[in-house]
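What follows is one structure encoded as structure tokens, with my remarks underneath.
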Amino acid sequence: MEKVKRIMLCLMIALVSACFIACGNDDDDSFGGSGNTEVSGGTVSPERTFNVEKAGTLPDKISEVDMYKIKSLKLSGVLNGTDILFLRKMMGVSEKGAATGGQLEYLDISDTKIIEGGDGYYISSGGFSYDTSYDK
């Protein structure tokens with residue numbers, strides 16, 4: 001259980017770090033209508049919403065072009081390492097920490113379950129790959 005908590009903490013830190021990098025780029029607001037997220041009563045309305053019924057299929061639901069334009073996203077369903085890596089890239093950071101063209105600023109994964117499997121979502125400078133495990 002402690003290992004799961006550490007993995008989830010590392011995942012959240014990686015996602016938050018990626019979000020800070022992605023927040024600086026406001027060049028293209030042309031995707032999804034106005035391209036802006038709406039704040040109402042302190043909450044952000046997602047620009048795009050997807051249900052990921054099968055873990056590892058998020059990259060099949062969002063085109064490579066669109067993945068770099070979406071600024072706000074809400075997901076439901078199940079996610080694995082492949083999906084987390086895709087989200088990192090959407091937030092502006094690759095699995096090795098290099099910058100991507102991602103602009104994702106807001107991500108709601110409160111209705112998802114993270115499961116084991118898929119690609120490693122982060123590779124440390126020492127070559128260690130971080131993978132997902134079951135979210136209990």
Side-chain angles (χ1 to χ4, degrees):
M1 186 60 146
E2 188 63 32
K3 183 178 178 181
V4 171
K5 288 181 182 177
R6 277 186 294 168
I7 290 171
M8 291 302 298
L9 178 62
C10 287
L11 173 62
M12 290 298 121
I13 290 170
L15 288 172
V16 169
S17 297
C19 185
F20 285 122
I21 292 169
C23 288
N25 188 354
D26 289 333
D27 295 338
D28 182 8
D29 287 337
S30 62
F31 184 76
S34 67
N36 298 322
T37 55
E38 299 174 25
V39 177
S40 172
T43 61
V44 178
S45 299
E47 186 175 289
R48 299 292 302 266
T49 303
F50 292 97
N51 180 30
V52 183
E53 294 177 12
K54 182 179 177 189
T57 63
L58 182 60
D60 299 334
K61 295 181 179 294
I62 303 173
S63 74
E64 192 168 338
V65 172
D66 288 345
M67 77 181 276
Y68 295 116
K69 294 181 179 178
I70 295 173
K71 291 189 176 189
S72 178
L73 181 64
K74 177 174 175 52
L75 299 175
S76 60
V78 291
L79 306 175
N80 67 15
T82 300
D83 303 309
I84 301 301
L85 175 56
F86 190 77
L87 290 169
R88 280 181 59 94
K89 290 177 181 177
M90 289 181 72
M91 291 179 166
V93 182
S94 75
E95 66 274 16
K96 292 186 177 182
T100 68
Q103 298 184 36
L104 186 62
E105 297 173 0
Y106 173 79
L107 174 64
D108 181 349
I109 58 171
S110 61
D111 292 331
T112 64
K113 183 160 185 74
I114 297 173
I115 65 169
E116 186 174 49
D119 299 324
Y121 59 86
Y122 175 71
I123 300 173
S124 70
S125 59
F128 181 77
S129 178
Y130 290 81
D131 303 317
T132 57
S133 62
Y134 286 95
D135 172 17
K136 298 179 182 183

Specify the closest pair of heavy atoms between [X] and [Y], including all atoms of both residues, with the distance to one decimal.
X	Y	answer
L104	S72	CD1-N, 3.7 Å
D83	P59	OD1-CD, 3.7 Å
K54	V78	C-CG2, 4.0 Å

Q | From CA spacing to verdict: side chain to side chain contact (heavy atoms under 4.5 Å, CB included), L79, K113 | A | CA-CA 6 Å; L79 306 175; K113 183 160 185 74; over 6 Å; no

Decide yes or no for [X] and [Y]: does some side-chain heavy atom of the first lie under 4.5 Å from some side-chain heavy atom of the second?
X	Y	value
E116	N80	no
S129	Y122	no
V52	T112	no
L73	F50	yes

Q.
Hydrophobic clustering (ILVMFWY, side-chain heavy atoms < 4.5 Å, transitive) - are I123 and M91 grouped together?
A. no

Q.
Would the distance check show the side chain of T132 and the main-chain N or O of G117 forming a donor-acceptor pair, the cut-off being under 3.5 Å?
A. yes

Q: Keeping the roles fixed (side chain from R88, backbone from Y121), state whether a donor-acceptor pair exists under 3.5 Å.
A: yes

State the [atom1]-[atom2] distance between [X] and [Y], to the nearest 0.5 angstrom.
X	Y	atom1	atom2	result
I62	F86	CD1	CZ	5.0 Å
M90	R48	CE	CZ	8.5 Å
L75	L87	CG	CG	6.0 Å

Q: List in chain and number order the residues that pass side chain to side chain contact (heavy atoms under 4.5 Å, CB included) with S110, two or more places apart in sequence or in another chain; answer none if no residue qualifies.
A: K74, D108

**Q.** Residue list, salt bridge (Lys or Arg N to Asp or Glu O under 4.0 Å) with D60, at least two apart or on another chain
**A.** none

[X]: what forms a side chain to side chain donor-acceptor pair (under 3.5 Å) with it, not counting sequence neighbours?
X	result
S63	D66
T82	D119
S76	N51

Q: Run the numbers on Q103 and Y68 for side chain to side chain contact (heavy atoms under 4.5 Å, CB included), then give the verdict.
A: CA-CA 6 Å; Q103 298 184 36; Y68 295 116; 5.8 Å; no

Q. Which pairs pass salt bridge (charged side-chain N to carboxylate O under 4.0 Å, His left out) with one or both residues in residues 92-101, sequence neighbours excluded?
A. K89-E95

